[in-house]
2 protein chains.
Amino acid sequence: MSQKPREPETALIWERPEPAPRPKPEPLSRERIVRAALTLADTEGLASVSVRKVAAALDAGPMRLYGYVSTKEELLELMVDAVYGELVAEGPLRGSWREALRAMAQRTRRAAHAHPWLVDLLVGRIHLGPHALAYLEAALAALDGAPGFETVDAILQAVGTVNAFVIGAIRNEASERSAERESGMTKKEWQHATSPYLERMVATGRFPMLGKVMREATHPSFDVAFDQGLDCILEGLATRLPRRKK
Amino acid sequence: MSQKPREPETALIWERPEPAPRPKPEPLSRERIVRAALTLADTEGLASVSVRKVAAALDAGPMRLYGYVSTKEELLELMVDAVYGELVAEGPLRGSWREALRAMAQRTRRAAHAHPWLVDLLVGRIHLGPHALAYLEAALAALDGAPGFETVDAILQAVGTVNAFVIGAIRNEASERSAERESGMTKKEWQHATSPYLERMVATGRFPMLGKVMREATHPSFDVAFDQGLDCILEGLATRLPRRKK
DNA sequence: GTCCTTTCGATACGGTGTATCGATCGATAC
DNA sequence: GTATCGATCGATACACCGTATCGAAAGGAC
């Protein structure tokens with residue numbers, strides 16, 4: 001970890017250790033770099049994806065990466081696009097427009113589970129990488145020609161609305177999950193740890209509805225909550241179809 | 001900006017400048033710190049909110065803040081809660097459940113416009129600050145007793161779904177907006193700058209739907225897109241009400 | 001006035017992203 | 001085979017980050 005300070009050159013040339021014949025060039029490539037960054041993010045968390053650490057995982061100096069990537073942001077962008085690549089690799093979205101949109105939502109959600117860091121990267125920049133575009137293309141294509149989706153505007157609105165919901169829902173799950181994860185607690189333990197605070201707040205009397213929630217809510221799993229919300233949105237899209245035809 | 005390196009003590013005591021009678025204690029407080037951080041984030045961007053800079057804005061050394069805040073994360077959390085404070089300060093959410101939910105969505109969206117950095121902070125952690133709770137409470141209260149929302153589960157699901165959409169939509173807007181902003185381009189210029197790339201992609205023939213979008217889509221403003229999506233979700237919630245009653 | 005306690009902030013440490021530039025290596029020209 | 005050139009690499013450096021430590025200064029108690 002500490003850079004060897006290159007001992008002062010008092011020793012004569014032939015006494016110094018041979019500079020080691022440069023272990024292996026291992027040509028490196030954008031793809032290898034991104035793959036290393038991905039596994040690092042998956043195993044150690046996004047915070048551990050630093051230029052130095054990614055380079056170290058490839059037996060290279062930090063600056064080596066800048067031959068393939070001009071900025072750390074660019075590397076992160078490539079990571080996101082790689083995930084989109086996994087998504088499009090699952091094939092086209094089949095079925096009716098409802099089935100297709102539902103499949104898209106669940107695919108995206110699965111990716112967010114497989115790569116918890118994805119949520120943090122989805123915020124901030126708009127993604128126009130080739131795989132991101134391909135994923136969007138697949139969604140648009142699945143709706144093309146469906147009854148009620150004659151105009152691209154209608155298609156865009158449907159995909160956009162579902163995507164907005166998915167992103168928000170994913171964020172919810174991720175934040176709750178990471179709150180548990182990083183305190184090393186299970187869901188139960190975490191609820192148990194924060195409930196004293198919440199009960200104190202409720203006890204002030206200023207949050208009657210919160211009290212009701214804590215008493216009466218049956219907290220459904222993320223899966224059913226997600227499906228219910230998604231159902232609701234698809235239902236909403238369906239009701240707008242006839243009006244659109246008029 | 002550069003720490004004065006305290007010139008080596010060659011000068012005799014009375015030649016050294018008087019240590020300045022500590023300009024003003026200016027007692028400082030959590031609130032003043034958070035306010036400083038807020039204005040810094042609003043004017044210079046979230047990236048400029050560093051412990052050092054916030055402290056400098058208060059004529060204090062960096063470590064001074066740690067008497068009031070135990071970590072930078074805590075400061076960011078307080079910033080978020082301060083925004084929630086602005087939101088609850090606008091008063092309760094009135095009207096029918098649809099009006100209340102719509103008002104909530106638009107309020108949140110306005111906050112995201114006023115504080116572009118908010119989107120980045122909403123990701124990642126779940127927010128349980130007093131003002132965040134109060135905002136949630138207001139939303140829950142607005143739906144309490146509405147026909148079809150007899151159970152807290154129904155209320156939570158409705159609020160949760162709308163909130164998920166709002167977060168996702170806000171993120172979309174923010175990322176597009178920041179892409180323009182930080183390249184110093186207007187919306188038109190930015191579209192003009194990225195369209196060559198997109199056209200090249202479309203020209204490959206692998207993205208027929210994208211081509212159709214670029215040719216045919218009338219890109220509606222963020223406002224109407226948001227309202228349409230919101231309408232859609234409220235409609236979806238409405239259609240689920242009768243079923244829930246059964 | 002003297003001692004004690006509390007507070008403050010200068011300094012330091014280990015980390016970050018990245019610019020610079022000398023050294024090194026491979027390929028080409030003779 | 002040797003010399004030269006050009007590309008490539010990575011050690012070093014810089015500015016900045018969040019925060020732990022701890023000596024010095026300030027204020028209060030006796």
Side-chain angles (χ1 to χ4, degrees), chain A residues 1-9 13 16-30 32-33 36-37 40-41 44-79 120-121 124, chain B residues 1-9 13 16-30 32-33 36-37 40-41 44-79 120-121 124:
Chain A
M1 210 55 60
S2 67
Q3 338 238 96
K4 47 204 128 129
R6 161 121 66 152
E7 54 199 20
E9 315 251 346
I13 302 99
R16 286 188 245 137
E18 218 174 334
R22 184 149 324 182
K24 278 180 220 161
E26 280 275 14
L28 216 51
S29 74
R30 221 188 263 242
R32 262 170 47 83
I33 293 175
L40 204 55
E44 314 264 349
L46 186 59
S48 295
V49 177
S50 73
V51 175
R52 285 167 166 82
K53 288 190 188 140
V54 173
L58 296 164
D59 283 325
M63 284 299 119
R64 185 89 181 280
L65 303 194
Y66 284 90
Y68 304 83
V69 150
S70 69
T71 237
K72 186 193 177 181
E73 279 226 12
E74 201 172 298
L75 173 58
L76 298 180
E77 205 89 359
L78 290 173
M79 291 170 64
D120 299 287
L121 291 188
Chain B
M1 208 55 61
S2 66
Q3 335 239 97
K4 48 205 127 130
R6 162 120 67 150
E7 54 199 21
E9 314 251 347
I13 302 98
R16 286 188 245 137
E18 217 173 334
R22 191 163 299 201
K24 277 182 221 165
E26 280 275 14
L28 218 49
S29 72
R30 222 187 261 242
R32 262 168 48 82
I33 293 175
L40 203 55
E44 313 263 349
L46 186 59
S48 296
V49 178
S50 72
V51 175
R52 285 165 164 82
K53 287 190 188 143
V54 173
L58 295 163
D59 282 325
M63 293 324 275
R64 185 90 181 279
L65 302 194
Y66 284 90
Y68 303 84
V69 149
S70 67
T71 236
K72 187 193 176 180
E73 279 225 12
E74 201 172 298
L75 172 59
L76 298 180
E77 204 89 0
L78 290 173
M79 291 170 65
D120 299 286
L121 290 189

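Labels below follow one simple rule: chain letters A, B, ... track the order of the sequence lines, proteins then strands, and each chain is numbered from 1.
Nearest heavy-atom pair, B/Ile33 versus B/Leu75, reported as atom, atom and distance to 0.1 Å: CG2-CD1, 3.9 Å.
Between A/Leu58 atom CG and D/dC9 atom P there is a gap of 13 Å when expressed in whole angstrom units. The CG atom of A/Asp59 sits 15 Å away from the P atom of D/dC9 (whole-angstrom rounding). Atom OH of B/Tyr68 is separated from atom P of C/dT6 by 16 Å (rounded to the nearest Å). Rounded to an integer number of Å, the gap from A/Ile33 CD1 to D/dC9 P is 10 Å. Following rounding to the nearest Å, B/Leu75 (CG) and D/dC17 (C1') show an atom-to-atom distance of 14 Å. As rounded to whole Å, 13 Å separates atom C1' of C/dC25 from atom CZ of A/Arg64.
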Dump every N/O contact between nucleotides 22-24 of chain D and the protein below 3.5 Å, one line per pair.
none

Shorter than 3.5 Å, N or O on both sides, protein versus nucleotides 19-21 of chain D: list them out with atom names.
unit_1 : atom_1 : unit_2  : atom_2 : d
D/dT19 : OP1    : B/Thr71 : OG1    : 3.1
D/dT19 : OP2    : B/Tyr66 : OH     : 2.5
D/dT19 : OP2    : B/Lys72 : N      : 2.9
D/dT19 : O5'    : B/Tyr66 : OH     : 3.3
D/dT19 : O4     : B/Arg52 : NH2    : 3.4

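Annotation: salt bridge (Lys or Arg N to Asp or Glu O under 4.0 Å) contacts of A/Arg30 (sequence neighbours excluded): A/Glu74.
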List, one per line, each side-chain donor-acceptor pair under 3.5 Å for residues 48-56 of chain A, sequence neighbours excluded.
unit_1  : atom_1 : unit_2  : atom_2 : d
A/Ser48 : OG     : A/Glu44 : O      : 3.3
A/Ser50 : OG     : A/Lys53 : N      : 3.2

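Between B/Lys53 and D/dC16 there is no side-chain polar atom (N or O) within less than 4.0 angstrom of OP1 or OP2.
Checking C/dC3 for Watson-Crick or G-U wobble geometry (two distances, each under 3.5 Å) identifies D/dG28 as its partner.
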